[in-house]
Amino acid sequence: MTALPDLRFLLSINSENAWSDLLATLMDADHATTRRSLGIPGDAPLVVRREVARARARRLSDRPDLVVESMGRTVAVVEVKLLAGLGEEQLERYYEFVAEPDRDACRFMTVSLQRIRLNTEHATAWHNQTWEKLLASFVSSPIPWVATTAAAWLRHIASEIPAVYGTTVWNQIDGINLYLALRLRSAYLYDNVVVPPGSSRSVQEIGSGGLYVAIVDAPIPDSAYAVRWEATEHLPTQDVGKLTDGTGLRGIEVRFHLVQQNVTSSRAYDWDHLSLLWRQYLEAEAWIPWRPHPPRKRLQWEIDGVARLRRLGSPAFLGYGFGEGQAKLSGEVEFGARFVLPPSTTLAEATGVLSRVAVIGSRMARHPMVPRTARAE
């Protein structure tokens with residue numbers, strides 16, 4: 001093989017469009033490898049298209065990154081990801097993008113980096129492939145320039161996406177994009193947290209600001225509630241963007257929330273159960289350095305809820321979280337408490353803490369909820 005070209009100016013880690021364009025070029029040049037790597041049967045010619053739009057209700061349109069057609073039918077849809085996460089119901093919408101008669105035979109694939117993998121368990125039709133494995137198939141292409149480009153691309157990924165380990169310190173970030181470094185740290189927590197039976201893990205972007213949070217959820221049976229533990233950088237997203245390196249990072253914020261789901265308001269939140277969980281399961285955990293700041297509420301029913309916590313004997317800081325505004329954005333209300341691990345914490349130490357509180361969360365989720373009508377006021 002000839003000397004490999006340097007692709008760092010062509011493939012910025014921040015440009016999904018550039019990565020999608022070059023992948024489409026390789027796929028269009030080598031149909032046999034494209035079929036093999038995507039699992040498309042047959043040998044009919046393929047048509048590779050970029051960002052194919054289909055109008056939807058309310059004048060919206062969906063544009064999957066790559067669409068592969070054969071003999072007039074859609075045979076594959078590929079969604080490309082780098083640092084960004086999935087949008088709300090994005091994969092579900094892209095599944096419906098394909099005509100219903102073609103869906104069963106169509107291949108649906110997301111492509112993400114090995115060290116920043118997506119969580120696609122909620123979309124069962126989709127296969128989550130890594131860039132590394134997909135490009136490795138093109139390294140064996142019989143077309144020389146395709147093979148050379150794929151090999152150079154793999155080398156580019158190895159140089160741009162550094163490994164993180166258990167010994168990696170949270171704020172020791174040198175020589176790489178700060179958001180990428182924090183994304184890799186969140187991915188490590190997601191990959192390595194020990195999830196108790198009955199709980200689930202995920203990694204999600206916070207808004208659209210570039211910060212990510214590792215999450216462990218424990219659903220409460222027969223209810224619209226879950227116990228949630230999260231871990232992310234303590235510094236607000238807008239302040240991270242002002243940093244030039246990791247020295248200004250504040251540390252790992254670990255949050256406990258009792259989450260009410262599938263709601264549009266915080267009016268009916270169960271403050272009593274939040275207080276009960278605190279007193280039964282967290283009050284005795286003296287090792288946790290809870291942040292003592294009282295929550296600030298503006299809506300009267302949330303002010304009343306925090307006051308209810310105080311009457312029930314909960315500490316002044318319980319009730320931190322996201323209420324009415326979050327309900328309208330995501331359909332969830334989440335209140336609880338938080339603490340911060342120092343920025344000198346290693347990823348192994350942070351993962352150990354998240355795994356430890358996840359076990360507590362699993363026990364909390366098994367505590368039955370008392371019907372409101374049965375409570376003594």
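Please read these numbers as outputs of a predicted model, since none were measured by experiment.
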J.: Does any part of the side chain of Trp290, heavy atoms only, come nearer than 4.5 Å to the side chain of Leu318, both counted from C-beta?
T.: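 Side chain of Leu318 against side chain of Trp290, heavy atoms only: no contact under 4.5 Å found.
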J.: Which pair of heavy atoms, one from Pro343 and one from Asn171, lies closest together, and at what distance?
T.: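 Minimum heavy-atom contact is O-OD1, 3.0 Å.
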J.: About how many Å separate OH of Tyr225 and NE2 of His273, when rounded to the nearest 0.5 Å?
T.: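 His273 atom NE2 to Tyr225 atom OH measures 9.0 Å (nearest 0.5 Å).
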J.: Return a table of donor-acceptor pairs under 3.5 angstrom between the side chains of residues 249-257 and protein atoms on other chains or two or more places apart.
T.:
from, atom 1, to, atom 2, distance (Å)
Glu253, OE1, His234, ND1, 2.5
Glu253, OE1, Arg338, NH1, 3.1
Glu253, OE2, Arg255, NE, 2.6
Glu253, OE2, Arg255, NH2, 3.2
Arg255, NH1, Glu230, OE1, 3.1

J.: Indicate if Leu11 and Leu66 have the same hydrophobic cluster label, given that clusters are the connected sets of ILVMFWY residues with side-chain heavy-atom separations under 4.5 angstrom.
T.: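 Yes, same cluster.
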J.: Would you sort out whether Arg298 and Glu302 count as a salt bridge (Lys or Arg N to Asp or Glu O under 4.0 Å), showing the intermediate values?
T.: CA-CA 7 Å; Arg298 289 179 293 181; Glu302 293 183 5; over 6 Å; no
J.: Determine, step by step, whether Gln326 and Ser330 satisfy the side-chain hydrogen bond (donor to acceptor under 3.5 Å, both in side chains) criterion, reporting the C-alpha distance in whole Å, the side-chain angles of both residues, the deciding distance to 0.1 Å, and the verdict.
T.: CA-CA 6 Å; Gln326 188 66 24; Ser330 67; 3.0 Å; yes
J.: Going by distance alone, is a donor N or O of one side chain under 3.5 Å from an acceptor N or O of the other, for Glu324 and Ser265?
T.: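 Ser265 and Glu324 do have a side-chain donor-acceptor pair below 3.5 Å.
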J.: Kindly confirm or rule out a cation-pi arrangement of Arg103 over Tyr95, judged by NZ or CZ under 6.0 Å from the six-membered ring centre and within 45° of its axis?
T.: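 Cation-pi check for Arg103 and Tyr95: passes.
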J.: If you measure from the Lys or Arg side-chain nitrogens to the Asp or Glu carboxylate oxygens, is any gap between Arg8 and Glu160 under 4.0 Å?
T.: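 A salt bridge is absent here (no side-chain N lies under 4.0 Å from a carboxylate O).
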J.: Ignoring hydrogens and geometry beyond distance, is a side-chain donor-acceptor pair present between Asn192 and Thr351 at under 3.5 Å?
T.: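 No, no side-chain donor-acceptor contact under 3.5 Å.
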J.: When you compare the side chain of Ser70 with that of Ile40, does any pair of heavy atoms fall below 4.5 Å?
T.: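 The answer is no, as the side chains (C-beta and beyond) never meet within the 4.5 Å cut-off.
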J.: If we count only N and O atoms by modelled type, under 3.5 Å, do the side chains of Asp217 and Ser202 hold a donor and an acceptor together?
T.: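 Absent: no donor and acceptor within the cut-off.
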J.: Is any side-chain heavy atom of Thr25 less than 4.5 Å from a side-chain heavy atom of Thr149?
T.: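 Answer no - side chains too far apart.
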J.: Take atom CZ in Arg310; do more than 12 heavy atoms of anything else shown fall under 6.0 Å from it?
T.: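 Correct, the count exceeds 12.
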J.: Testing the 3.5 Å rule here: is there a donor-acceptor pair between the side chains of Arg366 and Ser362?
T.: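 A donor-acceptor contact under 3.5 Å links the two side chains.
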